[in-house]
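Take a look at the structure below.
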Amino acid sequence: MSSDVWVGAATTLVGAALGGAISYLLSWQQVKEARRQRGEDDARERRRRSIDRRFAAYSDFLTRARSFRNAAQAHYLQPSHGPSLAEVDSLLQSANDASALVFLVVESEETYQGCRNVLRALSQAREIIHESQPDAAGDPWAELDVLLGRATREFQNSVRTELEVTGPMAAWHGPALAGREGEREG
């Protein structure tokens, strides 16, 4: 055989080996990139599920705390048609039960303390409600309104910060400012 054939065969063999190595390296890089992308996608999905769980827990707790507040308001402002003390207590227990899930999923200290403050306000409101009658002089609803409204608004604002929800984060204003600013919500 001539040396040209050997050179041609060797060149072909080296070219095939080099092509195979390049193909292997590119394939290995693609597999590595795909794994990295799957890892990022998994982390993003876990974060989304965490946010969804926290949003559901926080909104359920806020809804139940506001149901208690609305029942307490009706208990005082409409004593003959409002809910009974037992119904108000039941709503308080419902809000208290909902806080358990909040404490399981909470991720910020501010939201954790906000939930504790709402629970304290609910407990204080229960004590006030049990100590006074709806028709009694010195109606405590104004005090309860401020207590519950401020605590729930602070919790709501801390949740908005934790969940990175955009929009207004106003402080709670009591009934005196409600008419002027249209800003009364608990």
Side-chain angles (χ1 to χ4, degrees), residues 1-71 90-125 147-173 181-186:
M1 279 206 220
S2 79
S3 65
D4 289 339
V5 172
W6 280 104
V7 169
T11 303
T12 302
L13 187 59
V14 168
L18 189 58
I22 290 171
S23 177
Y24 174 78
L25 286 174
L26 288 176
S27 176
W28 179 72
Q29 282 181 330
Q30 287 174 341
V31 167
K32 186 175 153 183
E33 179 63 23
R35 283 184 186 148
R36 185 191 64 75
Q37 184 65 39
R38 272 194 308 272
E40 287 177 3
D41 290 346
D42 289 346
R44 195 175 307 111
E45 180 62 21
R46 278 192 306 276
R47 175 142 172 80
R48 186 195 61 75
R49 283 193 316 260
S50 173
I51 289 171
D52 289 347
R53 277 191 304 271
R54 287 181 286 144
F55 181 82
Y58 299 160
S59 62
D60 183 48
F61 176 65
L62 271 171
T63 299
R64 292 174 190 232
R66 286 184 175 173
S67 292
F68 169 80
R69 179 176 174 221
N70 293 340
S90 176
L91 290 169
L92 172 67
Q93 186 59 49
S94 177
N96 195 29
D97 292 346
S99 72
L101 187 55
V102 170
F103 290 126
L104 285 175
V105 298
V106 69
E107 290 189 8
S108 80
E109 182 66 27
E110 185 178 307
T111 303
Y112 173 79
Q113 290 303 329
C115 184
R116 291 187 63 200
N117 291 341
V118 170
L119 290 173
R120 273 190 217 101
L122 293 172
S123 179
Q124 289 173 343
L147 176 71
L148 296 171
R150 190 166 283 142
T152 54
R153 178 56 66 90
E154 288 170 2
F155 176 73
Q156 178 181 325
N157 286 341
S158 67
V159 165
R160 292 175 69 87
T161 299
E162 179 182 326
L163 298 179
E164 298 174 356
V165 175
T166 58
M169 292 192 1
W172 187 83
H173 299 292
E181 297 178 18
E183 183 68 44
R184 187 175 166 262
E185 183 185 331

Where Thr152 and Ala65 come nearest, the two heavy atoms and their spacing: CG2-CB, 4.1 Å
Check: Thr63 main-chain N/O paired with Ser67 side-chain donor or acceptor under 3.5 Å: yes
Ionic contact status for Arg49 with Asp52, cut-off 4.0 Å: no
For Ser108, all residues meeting side chain to side chain contact (heavy atoms under 4.5 Å, CB included), sequence neighbours excluded: Glu110, Thr111, Glu162
Residue pairs passing the side-chain hydrogen bond (donor to acceptor under 3.5 Å, both in side chains) test where at least one lies in residues 18-29, sequence neighbours excluded: none
Pairing residues for Phe103 by the ring pair (Phe, Tyr, Trp, His ring centres under 6.0 Å) criterion, not counting sequence neighbours: Tyr112
Within residues 10-39 or reaching into it, pairs that qualify as salt bridge (charged side-chain N to carboxylate O under 4.0 Å, His left out) - sequence neighbours excluded: Glu33-Arg36, Arg36-Glu40
Sequence neighbours excluded, every pair satisfying salt bridge (charged side-chain N to carboxylate O under 4.0 Å, His left out) that has a member inside residues 98-109: Arg54-Glu107
Where Tyr58 and Val105 come nearest, the two heavy atoms and their spacing: OH-O, 4.1 Å
For Ser94, all residues meeting side chain to side chain contact (heavy atoms under 4.5 Å, CB included), sequence neighbours excluded: Arg64
Considering all heavy atoms, the nearest Cys115-Ser99 contact: SG-CB, 3.9 Å
Separation between CG of Asn117 and CD of Gln124, rounded to the nearest 0.5 Å: 9.5 Å
